[in-house]
Student: 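The structure follows.
Here the structure is a predicted model, which means the values were calculated and not measured.
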Protein chains: 2
Amino acid sequence: MIRARREALGCHSLIRGDCLSVMRRMPIGSVDVVVTSPPYNLGLAYRSYKDSLSEENYLTWMEAICRKIARVMRDDGSFFLNIAGSSAQPWLPFELMVRLREIFNLQNHISWVKSIAVGEITYGHFKPVNSSRYVNRNHEHVFHLTKRGDVEIDRLGAGVPFTDKTNIPRRQHGEDRRCRGDTWYIPYETVRSKTARFSHPSTFPVALPERCIRLHGVRSDMVVLDPFMGTGTSLIAAESLGVRGIGIESDTGYVRIARKRLRSMLQQTG
Amino acid sequence: MIRARREALGCHSLIRGDCLSVMRRMPIGSVDVVVTSPPYNLGLAYRSYKDSLSEENYLTWMEAICRKIARVMRDDGSFFLNIAGSSAQPWLPFELMVRLREIFNLQNHISWVKSIAVGEITYGHFKPVNSSRYVNRNHEHVFHLTKRGDVEIDRLGAGVPFTDKTNIPRRQHGEDRRCRGDTWYIPYETVRSKTARFSHPSTFPVALPERCIRLHGVRSDMVVLDPFMGTGTSLIAAESLGVRGIGIESDTGYVRIARKRLRSMLQQTG
DNA sequence: AGAGCCGCTGAATCCTTTT
DNA sequence: CAAAAGGATTCAGCGGCTC
């Protein structure tokens, strides 16, 4: 067993190691927001990705991780879990949700819309699929899980302008801002712009964790954790909002990329 | 026990009765498409709608209905199930999906987007919720369930124009049409237009069942079934596509409204 | 203007295992 | 041993983007 390796970058922490054992050593109730996009096929050895045993293993593994997440989370913390179904595992997100019922409350369910056609106009990018039975996949789930179920959020933090401007004076805050709701249009970065940066199979757009943190509510002393840091998108989001981020990743190569991305961002801003 | 009462309207059938017992008498494998939006709080007596017993009852009841749906469906048929979570029952759609796993395959999962903000512009209407912990609900689920899991669908049937028109000559069909994907923007009818017609708590827009039927593929001899007809929106969709519809509804008042809607539509067209 | 690229593809095929 | 089942590899196609 390799010991976890921690490094500091600005106010952030990048930890190379297994998130399960790293979180076990973290202080209880020390994290405000957990935002992550867990990998499908990691953390366990399995034969075929279609057999039910591997799914069972995956779910058990994820459940264990989520218990550790609950452990390090504050009682008024938020856990944003990004996950998508696939044609091979269409039930996975739902099975997982049912399992997490004994650990968390499902406070909100956000649909991350990567592409949508409104009338004749298509917004966003998507990866077309060649099939006679499946349609293109243009959305993923973002589950907002909390320990208590009644965690106060900052609805206007990730808000949008009113369509009907007469609403502005009617609200006490007096801003042109309303709650966005649970459909979040965030286009995927294009293929090219992605390769131009750093390649990672499951890089979600930085706007996604940013919006999650904003929805929970930004405070200067808050801590954001991503147990599956990948190339560090969540840390980029934390840095852009001026809050402290902790990222855990087992793959050394990804940690290197995350370090590079975060460092170049820190140099730009200050 | 009141006997079911069947009436014909054009090529369609409106049946007043309990869908469970009505479907039991229908011929096996006689339906091409089932599209429905089941009610949350019907079909069983329950105390508080937050206690787990009532949820358990609801799920058991829904499971029984879905078994009957599978019975009357053709092997290459499609079942489009529209359901939404609520703040009181956020887990309901996922629990139901897990239960249905032993009856159906989940071939596609469509997100019905009622409203979405793209940049500064908001499309569609929504019912704002005043809460410090919940965001507005702007989407619902449409689960595409099939018996075999490999049912061929008409991806272009519910298609949209290409963004990049150079794709047109590249496709053999030569049309300006691509697969829409699994994010369906369908604005809800506004409050005004709803009350102006006929009131029903869970009336979905006619475009929703229409698009479902189109995605399955329209054939002149096909049969569409809605076991929870309500005010007959699915039958309106069937009629607009020129296919036969069967609607079952236990509430006499709703059957009356459905009859009226369908009749006025039949008079308009011919 | 047009050709090629890319993907937490899917279908088809090949090639192992089992019965 | 033939046949069937199923895993693993290959192929092909979608559709917006980039060159």
Side-chain angles (χ1 to χ4, degrees), chain A residues 36-55 58 61-62 81-93 96 112-117 120-142 187-205 208 228-231 233 249-251 253-254 257, chain B residues 105-109 144 146 148-183:
Chain A
T36 197
S37 180
Y40 287 178
N41 308 325
L42 247 70
L44 40 122
Y46 62 94
R47 292 135 51 87
S48 152
Y49 72 119
K50 236 183 177 169
D51 72 297
S52 57
L53 184 69
S54 84
E55 184 188 298
Y58 180 85
W61 175 68
M62 272 304 295
L81 176 60
N82 166 227
I83 194 166
S86 70
S87 55
Q89 311 247 338
W91 260 286
L92 198 66
L96 181 59
W112 166 25
V113 174
K114 295 185 266 191
S115 173
I116 192 163
E120 302 281 283
I121 302 157
T122 298
Y123 294 99
H125 319 285
F126 63 97
K127 176 176 46 193
V129 64
N130 175 27
S131 171
S132 59
R133 50 176 166 158
Y134 302 125
V135 296
N136 299 327
R137 289 185 176 270
N138 300 337
H139 79 281
E140 294 191 12
H141 304 275
V142 177
Y188 224 103
E189 303 176 43
T190 58
V191 178
R192 172 60 54 176
S193 63
K194 223 165 88 180
T195 52
R197 292 181 202 193
F198 313 96
S199 68
H200 180 255
S202 63
T203 316
F204 50 32
L208 190 70
F228 299 104
M229 176 179 62
T231 54
T233 308
E249 172 61 49
S250 62
D251 186 293
Y254 288 158
I257 295 169
Chain B
N105 284 289
L106 179 53
Q107 204 169 305
N108 288 284
H109 174 214
H144 177 216
T146 62
R148 293 199 325 245
D150 64 347
V151 172
E152 296 220 347
I153 54 171
D154 185 8
R155 284 165 40 110
L156 300 182
V160 288
F162 284 109
T163 298
D164 180 3
K165 301 300 182 191
T166 66
N167 278 303
I168 303 168
R170 282 205 283 187
R171 305 285 150 241
Q172 57 258 51
H173 55 83
E175 288 174 286
D176 183 11
R177 214 153 239 281
R178 65 160 182 87
C179 173
R180 177 188 293 270
D182 58 8
T183 51

Student: Using the six-membered ring wherever Trp is involved, compare the ring planes of A/H139 and B/H109 and label them parallel, tilted or perpendicular (cut-offs 30° and 60°).
Tutor: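 Answer is perpendicular, since the angle exceeds 60°.
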Student: Got a list of protein N/O to nucleotides 10-13 of chain D N/O distances below 3.5 Å?
Tutor:
{"unit_1": "D/dG13", "atom_1": "O4'", "unit_2": "A/N130", "atom_2": "ND2", "d": "3.0"}

Student: May I ask you to verify if any side-chain N or O of A/S87 is less than 4.0 angstrom from the OP1 or OP2 atom of C/dG10?
Tutor: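 Answer yes for this pair, as a side-chain N or O of A/S87 is under 4.0 Å from OP1 or OP2.
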Student: Please give the distance between the P atoms of D/dG7 and C/dT19 as a whole number of Å.
Tutor: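 Looking at atom P only, D/dG7 and C/dT19 are 13 Å apart.
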Student: With sequence neighbours left out, what residues match B/D164 under salt bridge (charged side-chain N to carboxylate O under 4.0 Å, His left out)?
Tutor: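 If we apply the salt bridge (charged side-chain N to carboxylate O under 4.0 Å, His left out) test to B/D164, skipping adjacent residues, there are no hits.
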Student: Is the side chain of A/R137 donor-acceptor paired with the backbone N or O of B/G181 at a distance under 3.5 Å, no angle test?
Tutor: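 Here the side-chain-to-backbone pair does not exist.
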Student: Output the rounded distance in Å from CD1 (B/I168) to C1' (D/dG16).
Tutor: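 From B/I168 CD1 to D/dG16 C1': 13 Å.
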Student: How many angstroms lie between CG in A/L92 and OH in A/Y58, if you round to the nearest 0.5 Å?
Tutor: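 Answer rounded to 0.5 Å: 5.5 Å.
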Student: Donor-acceptor pair, distance only, cut-off 3.5 Å: does the side chain of B/Q107 make one with the backbone of B/V151?
Tutor: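 Yes; judged by distance alone, with no hydrogens or angles, the pair exists.
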Student: Between D/dC14, D/dG16, C/dC8, which one does the side chain of B/R155 approach most closely?
Tutor: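 Minimum distance to the B/R155 side chain belongs to D/dC14.
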Student: From C/dC8, D/dG15, C/dG10, pick the nucleotide closest to the side chain of B/R178?
Tutor: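 Between C/dC8, D/dG15, C/dG10, the one nearest the side chain of B/R178 would be D/dG15.
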Student: Closest heavy-atom contact between A/G124 and A/S115?
Tutor: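 Scanning both residues completely, I find the closest heavy atoms to be O-OG, 3.7 Å.
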Student: Mind checking the CG-CG spacing from A/L96 to A/L81? Nearest 0.5 Å is all I need.
Tutor: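 One finds 6.0 Å between CG of A/L96 and CG of A/L81.
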Student: Got a donor-acceptor contact below 3.5 angstrom from the A/N138 side chain to the B/R180 backbone?
Tutor: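 The answer is yes, because a donor-acceptor pair under 3.5 Å joins these two groups.
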Student: Could you check whether B/P161 gets within reach of a base, just the sugar-phosphate, or nothing at all, counting any heavy atom under 4.0 Å?
Tutor: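 The answer is nothing, as B/P161 stays clear of every strand by at least 4.0 Å.
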Student: Please confirm whether A/W61 and A/F228 have ring centers closer than 6.0 angstrom.
Tutor: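 Under 6.0 Å, so yes.
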Student: Grab the two heavy atoms, one from A/F204 and one from A/T36, that are nearest each other, plus how far apart they are.
Tutor: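 It is CE2-C, 4.2 Å.
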Student: Once you round to the nearest 0.5 Å, how far does CD1 of A/I116 lie from CD1 of A/I121?
Tutor: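 If I round to the nearest 0.5 Å, the distance is 12.5 Å.
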Student: Under 3.5 Å, which N/O atoms of the protein pair with N/O atoms of nucleotides 2-4 of chain C?
Tutor:
{"unit_1": "C/dG4", "atom_1": "O6", "unit_2": "B/R170", "atom_2": "NH1", "d": "3.4"}

Student: Looking only at atom types and distance, does a side-chain atom of A/D251 sit under 3.5 Å from a main-chain N or O of A/G230, one as donor and one as acceptor?
Tutor: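 A pair under 3.5 Å: no.
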Student: So does A/S131 get a side-chain nitrogen or oxygen closer than 4.0 Å to the phosphate oxygens (OP1/OP2) of C/dA11?
Tutor: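 Yes, within the criterion.
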Student: When the distance from NZ of A/K127 to C1' of C/dG10 is rounded to whole Å, what number comes out?
Tutor: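 Taking NZ of A/K127 and C1' of C/dG10, I get 12 Å after rounding.
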Student: Is there any salt bridge (Lys or Arg N to Asp or Glu O under 4.0 Å) pair reaching into residues 168-178 of chain B, and which pairs are they, with sequence neighbours excluded?
Tutor: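 Listed by first then second residue: B/K165-B/D176.
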Student: Is it true that A/R133 and B/E152 have a side-chain N and a carboxylate O under 4.0 angstrom from each other?
Tutor: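 So A/R133 does not pair with B/E152 through a salt bridge.
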Student: Of the non-hydrogen atoms in B/P161 and A/T122, which two are nearest, and what is the gap between them?
Tutor: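 Closest pair (atom of B/P161, atom of A/T122, distance): O-OG1, 4.2 Å.
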Student: D/dC14 C1' sits how many Å from A/H125 NE2, rounded?
Tutor: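 Distance check: A/H125 NE2 to D/dC14 C1' gives 16 Å.
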Student: To the nearest Å, how far apart are A/R133 CZ and D/dC14 P?
Tutor: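 Value for this atom pair: 17 Å.
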Student: Please report, rounded to the nearest Å, how far the P atom of C/dC8 is from the OH atom of A/Y254.
Tutor: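 That distance rounds to 11 Å.
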Student: Just the rounded figure in Å: distance from P of D/dC14 to CG of A/N138.
Tutor: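 About 16 Å, once rounded to whole Å.
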Student: Determine which bases of DNA chain D form Watson-Crick or G-U wobble pairs with both distances under 3.5 Å, and write the result as a 5' to 3' dot-bracket string with | for other-strand partners.
Tutor: ..||||||||||.||||||
Student: Provide a list of protein-nucleic acid N or O atom pairs under 3.5 angstrom, restricted to nucleotides 12-15 of chain C.
Tutor:
none

Student: Both A/Y134 and A/F126 contact DNA chain C. Taking the nearest nucleotide for each, which residue is further toward the 5' end?
Tutor: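 The 5'-side residue here is A/F126.
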Student: On a whole-Å scale, what distance lies between the P atoms belonging to C/dC8 and C/dG4?
Tutor: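 Nearest-Å result for C/dC8 against C/dG4 at atom P: 23 Å.
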Student: Without decimals, in angstroms, what is the distance between B/N167 CG and C/dA1 P?
Tutor: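 Rounded to whole Å, this separation is 15 Å.
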Student: Starting from P on C/dT9, measure out to CD on A/Q89 and report it in whole angstrom.
Tutor: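 Interatomic distance, CD of A/Q89 to P of C/dT9: 13 Å.
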